[in-house]
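Everything below concerns the one structure shown next.
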Amino acid sequence: DAGITQSPRHKVTETGTPVTLRCHQTENHRYMYWYRQDPGHGLRLIHYSYGVKDTDKGEVSDGYSVSRSKTEDFLLTLESATSSQTSVYFCAISEKGEIEKLFFGSGTQLSVL
Amino acid sequence: SQQGEEDPQALSIQEGENATMNCSYKTSINNLQWYRQNSGRGLVHLILIRSNEREKHSGRLRVTLDTSKKSSSLLITASRAADTASYFCATVGFSGGYNKLIFGAGTRLAVHP
């Protein structure tokens, strides 16, 4: 999957606990994205980054925060997980942003009980 | 609301037949992209068509774009069992000062041997 590693691949956690998902890329691409995928909704953008320490919100950012301290790593944090955040989370990267194609990781299946 | 919406939601065909999936969108776009997702995997970029293009080919894939009707179609010719996957269109439009990539809910294609 184009030099993108997501960890963990699967996680089960309890409501109210903090959770951090990691995306690591070896492509040196500038743009990184976090999406969530839910049945009937396609992919929805949570947060994105256009450079180290440069991040912005997507359409479903409530309850999520991100950090990018290095080009290769983009972290997604659920401050206090809720059952509505049970989903499959995908990281994506792009060299030139949305005007060109995105490369996706294999996803993290998160279950919040 | 979603920018791109695929039709049909599900499609079942026999190997060797052609598969056609349609995507409609609502606002002006810079480009439109098609992605494939195999079960349990991330999305894989298939093809990108720009707003000033009408048709594009890549192997057995043919994409058309009609900006006057705000629609696109993806044709897979001579389908194979390995084409079984979900297919998503994603539109890129300029909104709020930056390019936004928005995915539809996808078409699930099943190709039977």
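Hydrogens, waters and symmetry mates are skipped; everything else that's a heavy atom, side chains included, is used. A note on names: the letters A, B, ... follow the listed sequences, proteins ahead of strands, and every chain is numbered from 1.
A:Val19 and A:Leu75 are members of different hydrophobic clusters when ILVMFWY side chains are connected at heavy-atom separations under 4.5 Å. In the hydrophobic clustering of ILVMFWY residues, with side-chain heavy atoms under 4.5 Å counting as a link, B:Leu48 and B:Leu65 come out apart. In the hydrophobic clustering of ILVMFWY residues, with side-chain heavy atoms under 4.5 Å counting as a link, B:Ile13 and B:Tyr87 come out together. Note on B:Leu43 and A:Val88: same hydrophobic cluster, where clusters join Ile, Leu, Val, Met, Phe, Trp and Tyr whose side-chain heavy atoms are under 4.5 Å apart, directly or indirectly. A:Val60 and A:Val112 end up in the same hydrophobic cluster when Ile, Leu, Val, Met, Phe, Trp and Tyr side chains are linked at under 4.5 Å.
At most 12 heavy atoms of other shown residues, nucleotides or ligands fall within 6.0 angstrom of atom CD in A:Glu14.
Looking at B:Asn30, neither its backbone nor its side chain comes within 4.5 Å of chain A, counting heavy atoms on both sides. Of the atoms belonging to B:Gln37, it is side-chain heavy atoms, and not backbone ones, that fall under 4.5 Å from chain A. With a 4.5 angstrom heavy-atom cutoff, A:Gln109 does not touch chain B via any of its atoms. Looking at A:Tyr33, there are no atoms closer than 4.5 Å to chain B (heavy atoms on both sides), in backbone or side chain.
Considering only heavy atoms from C-beta on, B:Leu101 stays 4.5 Å or farther from A:Tyr48 through its side chain. Side-chain atoms of A:Phe104 and B:Arg41, non-hydrogen and from C-beta on, never get closer than 4.5 Å to each other.
Closest of all the heavy-atom pairs between B:Gln33 and A:Leu102 is OE1-N, 4.3 Å.
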